[in-house]
Amino acid sequence: MRRKLVVGNWKMNGSRPANAELLAALVAARPFGCDVAVCVPFVFLGETAAQLAGSDLRWGAQDVSAQAEGAYTGEVSAAMLHECGCRYAIVGHSERRAYHAESDELVAAKAQAALGRGVTPIVCVGETLEQRDAGQTEAVVKRQLSAVIHTLAHCAAEMVVAYEPVWAIGTGRTATPEQAQAVHAVLRAQLQAATGHADRMRILYGGSVKADNARALFAMPDIDGGLIGGASLKAADFIAICRAGG
Ligand code: PEP
C-alpha cells in the first residue's frame, strides 16, 4: 500500500509573516495520516526549514539547476537544496516548460541533478487543452516521462511523478477522478515497464485540487496524492486536502 503524499506548490507567493502563520497552522494541525510537504520560493527555504524542523512535515523547492556549480547566475544547485534540508524539488512544472522554454531533456537533467544529491524530484507531466482535444494526451505524457526515465535509468523508481493537465492548473477546471485515473494508469504502466517497481512509486494529481474534490480524486487506485497550487496558500483549505489524504 502506497502512503499518500500531498505537496503544496506556493509558486511565487508568500511573505515572511504570511508564511510563518501558514506553517504554524500546518504544524498545529498534524497528524495528517499522509506525507505532507511544501515547495516554497528559494528565498524562504531557510525559514521554512527552521519552522518545520522537528515536525514530520517536509519542504522542498520549485526548481533546481541541472548544473552542479559554477558560473550560472541566478541558478540554485541540488547541493544547495540538500544543504537547506529539502526533501523534494519540483521539476518540469508546466509554467517552467511554458515560460522558460524547458525541454524534456532539460527537465530530465534537472531530475538527475536533484537525485544525485538525495533530493527527490517531483517530475511534472501534462497535456494542453489543444493536445487533449486532438487525442494526444497519452502520447504527450509518455514522451515527457520517457525522457526522464531514460536519463535516470536504474534510479527512475526514486522519483515522484505528478500528472498535471495544463488546462486544469489555476483554472478552477479539474480533471474528473476518472479522467485523471485513466492517465495515471498509463503512467504507472510505463513506469512498471521501465523500473519493475511502479507499485511503490507515487503518482500525484495536480490541477485545481480543492477541499471539496480531493477525496474523490485520492480515492482512485492510481492517484497517490496531490500537487496543490492555489489551495496550498490557505491554511484551512490545505489542511482539509491533507486530511483527505489520510
Ligand atoms: C500547480 O501549480 O502545480 C497546481 C496544481 O496549481 P493549482 O492547484 O492552483 O491548479
Side-chain angles (χ1 to χ4, degrees), residues 5-27 36-52 57-67 72-103 106-107 109-111 113-114 119-126 128 144 160-174 204-211 225-239 241-242:
L5 169 64
V6 177
V7 180
N9 172 16
W10 289 6
K11 311 196 189 203
M12 197 172 71
N13 292 295
S15 66
R16 285 175 162 177
N19 302 347
E21 203 177 311
L22 176 55
L23 294 173
L26 295 185
V27 169
V36 173
V38 289
C39 288
V40 308
F42 290 129
V43 291
F44 296 138
L45 278 172
E47 285 155 322
T48 300
Q51 207 169 336
L52 298 186
L57 302 178
R58 304 290 170 222
W59 56 94
Q62 300 167 17
D63 188 26
V64 62
S65 178
Q67 309 296 333
Y72 299 100
T73 303
E75 295 274 272
V76 175
S77 73
M80 294 170 187
L81 297 187
H82 176 73
E83 212 174 347
C84 289
C86 288
R87 170 69 64 94
Y88 300 104
I90 297 171
V91 298
H93 191 281
S94 62
E95 287 152 14
R96 295 211 59 87
R97 291 182 192 260
Y99 308 145
H100 300 271
E102 293 197 4
S103 65
L106 179 60
V107 172
K110 289 182 172 199
V119 177
T120 300
I122 300 175
V123 178
C124 300
V125 300
T128 63
Q144 291 172 331
V160 170
V161 175
Y163 169 55
E164 296 211 308
V166 179
W167 48 271
I169 297 179
T171 59
R173 196 177 152 187
T174 322
L204 313 182
Y205 169 78
S208 298
V209 177
K210 307 274 182 255
L227 182 54
I228 320 298
S232 72
L233 298 169
K234 296 184 197 124
D237 292 357
F238 191 58
I239 287 167
I241 294 170
C242 294

Please tell me if the side chains of Trp167 and Thr128 come closer than 4.5 Å, counting only heavy atoms from C-beta onward. no
Sub-4.5 Å side-chain heavy-atom contact between Tyr88 and Pro121: no
Are any of the side-chain heavy atoms of Val76 and Val64 separated by less than 4.5 Å? no
Where the side chain of Ser94 meets the backbone of Val166, is there a donor-acceptor pair that is under 3.5 Å apart? no
Heavy atoms of Ile228 and Ala231 approach each other most closely as CG2-CB, 3.7 Å
Would you call Glu102 and Arg97 a salt bridge, taking side-chain N to carboxylate O under 4.0 Å as the test? no
Closer than 3.5 angstrom, by distance alone: can the side chain of Asn13 be matched with the main-chain N or O of Trp10 as a donor-acceptor pair? yes
Return the minimal non-hydrogen interatomic distance between Pro165 and Gly206, and the atom names on each side. CD-O, 3.4 Å
Quick one: does Gln144's side chain have a donor or acceptor within less than 3.5 Å of a partner on Cys124's backbone? no
Does a sphere of radius 6.0 Å around CD in Glu75 hold more than 12 heavy atoms from other residues, nucleotides or ligands, not counting ones at 6.0 Å or beyond? yes
Within-4.5 Å side-chain heavy-atom neighbours: Ile90 and Asn9: yes
Are Lys110 and Asp63 ion-paired here, with the side-chain N under 4.0 Å from a carboxylate O? yes
Which atom of Gln51 lies closest to which atom of Ala20, heavy atoms considered: NE2-O, 2.8 Å
Can you check whether His93's main-chain N or O pairs, donor with acceptor, with Glu164's side chain at less than 3.5 Å? no
Atom CZ in Arg96, atom CG in Leu106: separation rounded to 0.5 Å? 8.5 Å
Donor-acceptor contact below 3.5 Å, side chain Thr174 vs main chain Ser208: yes
How many angstroms lie between CG in Leu52 and CG in Leu23, if you round to the nearest 0.5 Å? 5.0 Å
Taking it one step at a time, do Arg16 and Phe44 satisfy side chain to side chain contact (heavy atoms under 4.5 Å, CB included)? CA-CA 8 Å; Arg16 285 175 162 177; Phe44 296 138; 4.3 Å; yes
How far apart are the closest heavy atoms of Val107 and Gly92, and which atoms are they? CG2-CA, 3.6 Å
Is there side-chain contact between Ile122 and Val7, with heavy atoms separated by less than 4.5 Å? yes
Any side-chain heavy-atom pair from Val40 and Trp59 closer than 4.5 angstrom? no
In Val160, Thr120, Leu227, the residue satisfying side-chain contact (heavy atoms from CB on, under 4.5 Å) with Leu5 is Val160
Any heavy-atom pair between the side chains of Cys242 and Ile239 that's under 4.5 Å? no
Between Ala168 and Tyr205, what is the shortest heavy-atom contact and its length? CB-OH, 3.7 Å
If only atom types and distance count, is the side chain of Gln62 paired as donor or acceptor with the main-chain N or O of Cys39 below 3.5 Å? yes
For residues Cys86 and Ala61, report the shortest heavy-atom separation together with the two atoms involved. SG-N, 4.1 Å
Carefully, step by step, assess Phe238 and Leu233 under the rule side chain to side chain contact (heavy atoms under 4.5 Å, CB included). CA-CA 7 Å; Phe238 191 58; Leu233 298 169; over 6 Å; no
Is Val38 close to Asn19 at the side-chain level, that is, under 4.5 Å between some pair of heavy atoms? no
